[in-house]
Amino acid sequence: MNLVDLLMSAGGNAAIGQLGSRFGLDQQQTQAALQHLVPALGGGLQRNIASEGGIEGLLGALAGGNHSRYIDDPSLLGADETIQDGNGILGHLLGSKDVSRQVASRASAETGIGADILKQMLPVVATMVMGSLSKQSSQSGFLGNNAAPAQPEGLLGMLTPLLDSNRDGSVADDVIGMLGRFMSNR
């Protein structure tokens with residue numbers, strides 16, 4: 001399952017509708033924007049997971065960030081706090097505003113939606129992605145009450161698409177590569 005599918009399956013239809021309304025886009029334009037913005041965020045998640053402490057950081061953010069509220073209450077997508085939270089998420093995932101601008105520019109070239117609109121959408125989309133991941137993690141039960149993994153296979157199942165960087169259906173080779181890089185940096 002990719003992140004766009006996860007967003008939809010986590011109950012994000014109302015949030016997606018709210019996102020489109022907020023930025024003056026119809027349903028087709030909103031879907032196109034998501035199809036081009038969300039994979040860049042997934043790439044950022046993938047890089048973070050591969051870094052030292054990345055999985056622990058993601059689990060901590062999912063357990064303590066209360067991100068599912070953005071999916072549960074789409075009216076929050078227009079709040080200033082959402083933009084601030086989304087910019088923080090973007091900082092972690094993409095690293096800099098320059099990268100965010102590049103993502104928006106590429107998505108604009110592919111969708112025909114103005115880059116300025118897409119730049120404004122990115123923080124909101126980031127909160128929606130984290131909200132979907134948070135909601136999915138709580139529904140699948142892999143985060144216990146103490147934010148510790150309760151079912152490692154549930155965690156692996158959800159993160160497999162992010163860890164499987166070569167898209168061969170197996171994360172074993174990718175995890176071994178990450179471990180090798182981690183060990184060589186010590």
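Worth knowing before you read on, the calculation uses all heavy atoms, side chains too, and leaves out hydrogens, waters and symmetry mates.
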query = At what distance, to the nearest 0.5 angstrom, does CD1 of I83 lie from OG1 of T127?
reply =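 Taking CD1 in I83 and OG1 in T127, the distance rounds to 7.0 Å.
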task = Look up atom CZ in F23 and atom CD in Q29, then write down how far apart they are to the nearest 0.5 Å.
result =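 If I round to the nearest 0.5 Å, the distance is 13.0 Å.
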Decide yes or no for [X] and [Y]: does some side-chain heavy atom of the first lie under 4.5 Å from some side-chain heavy atom of the second?
| X | Y | value |
| --- | --- | --- |
| L77 | M128 | yes |
| I16 | Q31 | yes |
| L133 | L45 | yes |
| L34 | L19 | yes |
| T111 | L118 | yes |

Show the nearest heavy-atom pair for residues [X] and [Y], with the distance to one decimal.
| X | Y | value |
| --- | --- | --- |
| M121 | A33 | CE-CB, 3.9 Å |
| L94 | S100 | CD1-OG, 3.6 Å |
| A104 | A115 | CB-O, 3.8 Å |

message = Taking salt bridge (charged side-chain N to carboxylate O under 4.0 Å, His left out) as the definition, give me every residue that meets it alongside D116, ordered by chain and number, with sequence neighbours left out.
response =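 For D116 the salt bridge (charged side-chain N to carboxylate O under 4.0 Å, His left out) partners, ignoring immediate neighbours, are K119.
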request  = With sequence neighbours left out, write down each residue that passes salt bridge (charged side-chain N to carboxylate O under 4.0 Å, His left out) with R69, or none if nothing qualifies.
outcome  =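 R69: salt bridge (charged side-chain N to carboxylate O under 4.0 Å, His left out) contacts with E81, D85.
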ask   = Do side-chain atoms of E110 reach the backbone of A107 as a donor and acceptor pair under 3.5 angstrom?
value =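 No, E110 side chain to A107 backbone: no donor-acceptor pair under 3.5 Å.
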ask   = Is there a donor-acceptor pair closer than 3.5 Å between any side-chain N or O of S108 and the backbone N or O of I113?
value =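 Looks like yes, one N/O pair under 3.5 Å.
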ask   = Should L90 and K97 be marked as a side chain to side chain contact (heavy atoms under 4.5 Å, CB included) after you check the CA-CA gap, both sets of side-chain angles, and the distance that decides it?
value = CA-CA 8 Å; L90 287 175; K97 290 187 183 219; over 6 Å; no
ask   = Is it true that atom CG of D80 has more than 12 heavy atoms of other residues, nucleotides or ligands lying nearer than 6.0 Å?
value =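 Result for CG/D80: open.
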message = L122 vs L41, test: side chain to side chain contact (heavy atoms under 4.5 Å, CB included). Steps then yes/no.
response = CA-CA 9 Å; L122 257 173; L41 299 176; 4.2 Å; yes
